J.: 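My questions all concern the structure below.
What you see below is based on every heavy atom in this structure, not just the backbone, and it leaves out hydrogens, waters and symmetry mates. These numbers come from a predicted model, not from an experiment.
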Protein chains: 2
Amino acid sequence: MPQHKNHNPACCCRKIRGFGRRITPARHAVLDALSARGEHLTAEEVFKAASRHYPDIGLATIYRTLELFTKFGMVNKFDTGDDKARYEFADGPGAKGHHHHLVCTSCRRIVDYNDFINEETELLRRTEEGLANKYGFKINTHILQFYGLCKDCAK
Amino acid sequence: MPQHKNHNPACCCRKIRGFGRRITPARHAVLDALSARGEHLTAEEVFKAASRHYPDIGLATIYRTLELFTKFGMVNKFDTGDDKARYEFADGPGAKGHHHHLVCTSCRRIVDYNDFINEETELLRRTEEGLANKYGFKINTHILQFYGLCKDCAK
DNA sequence: ATACAATTGAGAACAATTCTCAATTATGCC
DNA sequence: GGCATAATTGAGAATTGTTCTCAATTGTAT
Ligand SMILES: [Zn+2]
Ligand SMILES: [Zn+2]
Ligand SMILES: [Zn+2]
Ligand SMILES: [Zn+2]
């Protein structure tokens with residue numbers, strides 16, 4: 001039976017149900033793992049975290065669940081240049097709202113920043129509009145990331 | 001012996017030599033493949049293109065060479081959400097200069113755009129500066145991409 | 001409680017990329 | 001031009017992250 005550890009069960013469950021899907025312990029475990037720390041976890045890391053509370057969970061289920069939640073907009077999937085996908089909680093209480101990332105290419109530390117976000121958002125909105133018109137695209141998302149070395153890694 | 005097909009051999013060769021590396025037919029073939037079309041090729045596509053002029057080339061060499069050129073800043077490596085890396089000629093005659101991408105998530109068409117680039121560049125520069133100060137990062141690059149559906153794929 | 005479809009875990013399969021290693025080759029020096 | 005030497009290569013094996021397959025289990029509507 002579900003444990004409702006860290007995420008808001010009412011909200012998440014309602015959403016899952018809303019898409020005609022079932023509530024299962026595996027899905028709770030994944031939501032808990034992601035919402036617990038608000039970090040940017042790889043599938044493997046979600047697997048380890050979820051296994052702690054629900055030892056029978058399988059890695060394939062982790063991937064399937066993350067894919068499902070991403071499709072529902074409950075989770076953001078992104079990439080930071082190594083070749084593992086990362087996931088973060090995107091929606092509901094505990095989520096961080098739209099933001100961009102600052103990534104250390106050495107230790108893979110990821111900083112969520114909100115500085116300049118208003119200015120950025122405004123420019124991106126205008127750019128999006130202009131590109132949509134000029135190139136006939138229906139634009140859905142964007143990704144903006146800065147790469148560099150964090151203080152520790154810069155020596 | 002090198003064929004100097006499409007890229008500027010003087011420029012590229014000087015650069016490779018400058019890093020203490022050797023000029024080889026395989027490296028020429030990769031440069032030719034990339035500079036020929038100015039497109040955003042996967043390793044497999046570079047392999048096919050390079051094989052046409054130099055049939056003995058191996059896929060491992062393609063990967064090694066692309067990695068090397070990326071390290072030298074002669075090539076940009078990036079990702080568009082499927083899980084193949086893409087490469088484009090970044091430097092020397094025929095290169096396109098710094099730009100951002102508009103990506104169709106259905107057919108993977110990639111548009112290089114330069115519209116708004118000045119405004120973008122200016123904001124990104126300021127953001128970079130602010131982030132570097134606030135979070136103690138030494139920032140090297142950024143990536144900005146818009147994702148959506150191109151005219152054809154939007155039906 | 002029952003029936004049915006959705007979901008699951010385990011492991012096999014897959015695809016992109018990297019590694020290993022012996023054979024080849026570009027380069028600097030004579 | 002040859003020679004020596006270390007860099008580079010091709011082929012295939014190995015690795016890694018992710019997806020697929022399938023029989024067994026489980027959530028949900030009735
Ligand atoms: Zn770091
Ligand atoms: Zn984040
Ligand atoms: Zn398209
Ligand atoms: Zn481009």
J.: Enumerate the residue pairs fulfilling salt bridge (Lys or Arg N to Asp or Glu O under 4.0 Å) with a member in residues 46-59 of chain A, sequence neighbours excluded, ordered by first and then second residue.
T.: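 Residue pairs with at least one partner in residues 46-59 of chain A: there are none.
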
J.: Tell me, which stems hold DNA chain D, with a stem being 3 or more Watson-Crick or G-U pairs in a row and both distances under 3.5 Å?
T.: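 So the stems come out as C:1-30 with D:1-30.
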
J.: Looking at DNA chain C, which of residues 58-74 of chain A put a heavy atom within less than 4.0 Å of it?
T.: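 Correct list: A/G58, A/A60, A/T61, A/R64.
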
J.: Can you tell me which nucleotide in D/dT18, C/dG9, C/dT17 comes closest to the side chain of A/A85?
T.: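 Of all the options, the side chain of A/A85 is nearest to D/dT18.
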
J.: Per the salt bridge (Lys or Arg N to Asp or Glu O under 4.0 Å) rule, what does the pair list look like for residues 142-155 of chain B, sequence neighbours excluded?
T.: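 Counting only pairs at least two positions apart or across chains, no salt bridge (Lys or Arg N to Asp or Glu O under 4.0 Å) contact touches residues 142-155 of chain B.
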
J.: List for me each residue that meets side-chain contact (heavy atoms from CB on, under 4.5 Å) alongside A/H99, sequence neighbours excluded, and say none if there are none.
T.: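 A/H40, A/E88, A/K96, A/H101, A/D112, A/N114.
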
J.: For B/E120 and B/H100, test the side chains for any donor-to-acceptor distance below 3.5 angstrom and give the result as yes or no.
T.: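 Yes, side-chain donor-acceptor contact under 3.5 Å.
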
J.: Are B/F69 and B/Y87 close enough that some pair of their side-chain heavy atoms sits under 4.5 Å apart?
T.: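 No; the side chains remain at least 4.5 Å from each other.
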
J.: Can you check nucleotides 22-25 of chain C for protein contacts, nitrogen or oxygen pairs under 3.5 Å, and list what you find?
T.:
none

J.: So, does B/R27 get its side chain near the phosphate of D/dT8, meaning an N or O under 4.0 Å from OP1 or OP2?
T.: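 Result: yes.
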
J.: Can you tell me if B/T24 touches the phosphate of D/dA7, counting only side-chain N or O atoms and a distance under 4.0 Å to OP1 or OP2?
T.: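 The answer is no; no side-chain N or O of B/T24 sits under 4.0 Å from OP1 or OP2.
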
J.: Centroid-to-centroid, A/H98 to A/H142, below 6.0 Å?
T.: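 So the answer is yes for these two rings.
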
